[in-house]
Structure formats: structure tokens, C-alpha cells
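Naming convention: chains lettered A, B, ... in sequence-line order (proteins, then strands); numbering from 1 in each chain. Values reported hereafter were calculated over all heavy atoms of this structure, with side chains retained and with hydrogens, waters and symmetry mates removed. Worth saying up front: this structure is predicted, and the values here are computed from it rather than measured.
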There are 2 protein chains.
Amino acid sequence: MLACCFGSVTTKWLHKPMSEPITILIADDHTMFRQGLREILERKGGFSVVAEVSDGVAAVEAAQRFTPAIALLDISMPELTGIEAARQIVQASPTTRTVILTMHRDERTVLEALRAGANAYLLKDADSTELIEAVRAVHRGEAALAGSAAARVLDMLRRGDSVTAPADLLTARERDILALVAQGDDNRAIALKLSLSEKTVGNRLSEIFQKLGVTNRTQAAIVAVQRGLVPPPSAL
Amino acid sequence: MLACCFGSVTTKWLHKPMSEPITILIADDHTMFRQGLREILERKGGFSVVAEVSDGVAAVEAAQRFTPAIALLDISMPELTGIEAARQIVQASPTTRTVILTMHRDERTVLEALRAGANAYLLKDADSTELIEAVRAVHRGEAALAGSAAARVLDMLRRGDSVTAPADLLTARERDILALVAQGDDNRAIALKLSLSEKTVGNRLSEIFQKLGVTNRTQAAIVAVQRGLVPPPSAL
DNA sequence: CTAATCATAGGTAGAATTATGCAGATCTGG
DNA sequence: CCAGATCTGCATAATTCTACCTATGATTAG
């Protein structure tokens, strides 16, 4: 522990001879988590947290303004999920590489994130050294997937079918509907809010269920939130 | 930043003359978050993290074995929610004071936690200095509620009715059912798993909806997870 | 241009959900 | 032991949901 502290101080003094520190944007809706991450990164040395934001929209804006080398994006954020944010950040700030943070070890979420242009996918119960290593790897231009995640994705790539078949990506409209389902709206409410007929909502929903591999709306809501397909319901 | 680092080192050297460090148990299912918390607490000085666990059951066991002065409990944990863990910890280790961490600013959750015997209730988007202050206050024997939370609870206490009326605490059986709803089970599946008739499940559900102030099972599932009434669905 | 996909919406039929009311069994605190 | 709360089960009816079918117009890719 002391060694660690000394180590960090030492590293700090050696900043100048090192190459530029890696600039980082942290996006997570929990202040404590952000501060913890910042501590870990800055004490380690070689990293410079240039922005901290608490929702997806702010993340995109900050990425555009600060063009950080790395954007650490939590999946579950208000306004815009980490995955959506990543999608927009690769447009808004192409030099920024994105790392998705999540608590769910879900293969399909990984693919969803990678398709959105994310360069890495890390579980929140990964060790902080794994995080550091992943950030460095991504900064070097490698696409990093933490330990177990990497194995799973490779497995899926090997099986082949998994990568193409469950390309069950929801369409934009389907996501609209799913987002309302995940807020507890019934079909009538959804139809009203989206100016659709209840029939259409019901039909869409059936397709969504198929794509998500579930059989009812409650399961769909759970999956949607867990996979970061829609922003989590803020408060009821 | 440098000052901060020196400060922490200094504090560490001064450990001995200080009163005993406050022993702390951290329970959260995200390793990164735990490590961040630990960093923040240990660098600040005066705190000693004696155990880190990732689920509610382990939290209760650790509290029993290490009898920490403070248990920092995340609400949303596998196996056992932070609130349930607090309930059991006050039994298993009466000298341990519990601090509930959550991301939801929900008045009813606050009450739920306080009723379970928690000594403090902190939002995860609180500042780390607030956390430190709260932990110290709780250790001094005070019941701490972070800024806005305190105000809200006081408001509710003032209104009076809120404290007694929404004593809509669910019964044990109702929680059982709600937990399955929050996993996406339909009434038939619930009836099977709990050895009940579908009718009974339906009846219970209607009462649960009333108590939670919702109108359908999806909303109930959302509320249940957000309030920490049931452990979140692990993976679907 | 053609084929494919998407968004829309209508229909039917069956399954599930939800709101109520009633009632016996059990348990618990006073 | 009593009173009250809880758990259980049954019934009914209205509502909602879900699966599956068809079909039209718009957009898009090849």
C-alpha cells in the first residue's frame, strides 16, 4: 500500500520524460464511481482525466469539445446509454477511442457495443489493473476485451452463426417502443406517445420479443435495461 | 492534486497518534467501485477497510466475522439487497453501524432503509467528502443523511402522513412474488415455483400493485429493483 | 428497376393479466 | 382466548397482451 503510494508519486515526477499523458473522459452517473476511477487512473500516472460527466448527452458534448484520447462510458446512463453515446462519439470525435464499462457479462451486449464502434468492453467487476491495461491497449490502437469477455467473443466469432444470426439489432422505431415498455407504459400509452395505433405497437412488440428472445414485456424491459438498449427508467 | 497526495501520505504517517482507525466493510458487486471507495477512504486516513465483499450474503457473514465499525452497503446486490443485509447485520453484529449506498433518490427507499436499521443513507452521486463526513458522523453515533436526502426525509416527517401512511411495506410472501415478477416470470411460473395457485398469485399481485402505487407488473418490477426491494435479475 | 427492409395498420383468436369479492386457515400480540 | 393481520384459494368479468395473418406505402440496396 505504501509502496503503491510511493510508486504513484514517483511516476508523477517522471511525467515529463514520458510521452504525453493519455487524456480521458469519464462518463458515469455515479459521482463516487467517477471519483474512484479518477483516483485510480491519476495515481497510476500517465493518465489525465480531462472531463467528468454524468450522462450520455454530456459525454458526447464533452468528447466533441475536449477530444480526449479515451472515453470511458458506463452503459447505464440517463438521457443516452453508453452504447448510444459511443455511436455518436465516433462520429463527433473520430480520434477518441471508446471503452464501454458495464456490470453485465452479456455476450449480446458486447456485440452491440462493438457494432456501435466501441474499442473495448470492460466489466465493472474487473480489477483496476485490468482497466489500466485495457485503456493502454486501446490507446495503442488495439481493441481490448477483458479476459473472459475476450474469450466469449472469440468463441462467438468462431461459431460464426452467433455473430451474424443474432444480428437482431432493433430498429430505431423498435427502440423507441422498447424504451417506453421499460418505463412501464402499456400499449395504449405507447401508442399515444408515439402517435401510433395500438395494433402497430402490439405488432412491433411481438417482433421485439422475438429479437430479444423473450416472451413478455416485463422480460423485454429487464433485458433492455441490462443491455443498455434503452436508458434506465429514471424514477417512478 | 499533489497536495492531496502529500496530504494522504502525511496522514498515514500520523496514524499511530490518532485514535484507532475506523474499520470498514465495503459491500458492492462492482469490483471497480469497491476499489475506488477503498482508495478514497484509505488515502484520506483514519479508515481501515477490513473486508470487501460482492453480495449481500457475504456482507452479513463478513460483518459477523470482522465486526467492522461501519458497513457500507450498496442497495443493489445479488443474493441479498443492501437493505436486507442491513436488517440481518444489525442482528448479527449489533456494534456495526450500517450505511446504505444507492443511486436512487427515492423517499420510500430511504424509509425502507431506516426501518431496516440503517444508520445512514447516501446517494452514489454524492461527493466523496460527503461520504467521508457521513461515515465519521455515523461512527460518532449520529444518524447521517446526506444533504438532499436529509431534507426530504425531514419533509416527510413533517407531513406526518407520509411516514405512517406509506408503511406499505410488503410482507415476506409478497416480496417473494415480487422478486419473481422482477425476473420476468408470469403468474403460472410464479405459482409453480412457490407452490401456489395462479389465482393466489394474481390476488397477491393486485395488492402489491396497490402498495407500490403502480398498475402493472412491469412497473412493479422496475420499482422493485430501483427500491432494492428485491435483488436485481442477474442475467437473462 | 427489383428485391428487401421498414413502418404502418387492420383482423382474429387465444392466453394472460387485473380488479373485486368472498372465505377458511394460520399466526401473533395482548 | 381474542382481534387483527396474513396467507391461501376460488370465482367472475373486463381488459390487456401476444401470436399470427395480411397488406400498403416508403425507403434502400443491389
Round to the nearest Å and state the distance from A:Arg173 atom CZ to D:dA26 atom P. 17 Å
Heavy-atom pair with the smallest gap, counting every atom of B:Arg175 and B:Leu170: NH1-O, 3.3 Å
Between its two end axes (five pairs each) the helix from C:dC1-D:dG30 to C:dG30-D:dC1 turns, nearest 10 degrees, through 60°
Just call it for A:Arg204: base, sugar-phosphate, or nothing, with non-hydrogen atoms closer than 4.0 Å on any strand. base
Taking 4.0 angstrom as the limit, do B:Lys124 and B:Asp28 come out as a salt bridge? yes
Distance test, side-chain N/O of A:Thr171 to OP1/OP2 of C:dT5, below 4.0 Å: no
Taking atom P of D:dC17 as reference, at what distance in whole Å does atom CZ of B:Arg188 sit? 19 Å
Holding to side-chain contact (heavy atoms from CB on, under 4.5 Å), I want the full list of residues that pass it with A:Ala51, two or more places apart in sequence or in another chain. A:Leu25, A:Ala62, A:Phe66
Which residues share a side-chain contact (heavy atoms from CB on, under 4.5 Å) with B:Glu207, sequence neighbours left out: B:Glu174, B:Arg204
Report the distance from atom CD1 of A:Ile208 to atom C1' of C:dA7, rounded to the nearest whole Å. 12 Å
Donor-acceptor pairs under 3.5 angstrom involving side-chain atoms of residues 190-198 of chain B: please list them, not counting sequence neighbours.
residue  : atom : partner  : partner atom : Å
B:Lys193 : NZ   : B:Asp185 : OD2          : 2.7
B:Ser197 : OG   : B:Lys199 : N            : 3.4
B:Ser197 : OG   : B:Thr200 : N            : 3.1
B:Ser197 : OG   : B:Thr200 : OG1          : 3.1

Looking at A:Ser76, is its backbone amide N or carbonyl O close enough to the side chain of A:Thr81 to form a donor-acceptor pair, meaning the two atoms are under 3.5 Å apart? no
Protein-to-nucleotide contact annotation, 5' to 3' order, nucleotides 18-30 of chain C [B base; S sugar-phosphate only; - none; under 4.0 Å, heavy atom]: SBBB---------
Exercise: do B:Thr67 and B:Thr95 side chains pair donor with acceptor under 3.5 Å: no
Donor-acceptor contact present, side-chain B:Asp74 to main-chain B:Asp29, <3.5 Å: no
OP1, OP2 of C:dG10 versus side-chain N and O of A:Thr200: anything below 4.0 Å? no
Within this structure, what is the CG-to-P distance between A:Asp176 and C:dC6, rounded to whole angstrom? 15 Å
What residues, two or more places apart in sequence or in another chain, satisfy side-chain contact (heavy atoms from CB on, under 4.5 Å) together with B:Thr96? B:Pro68, B:Ala71, B:Ile89, B:Ser93
Whole angstroms only, please: what is the NZ-C1' distance between A:Lys211 and D:dT18? 17 Å
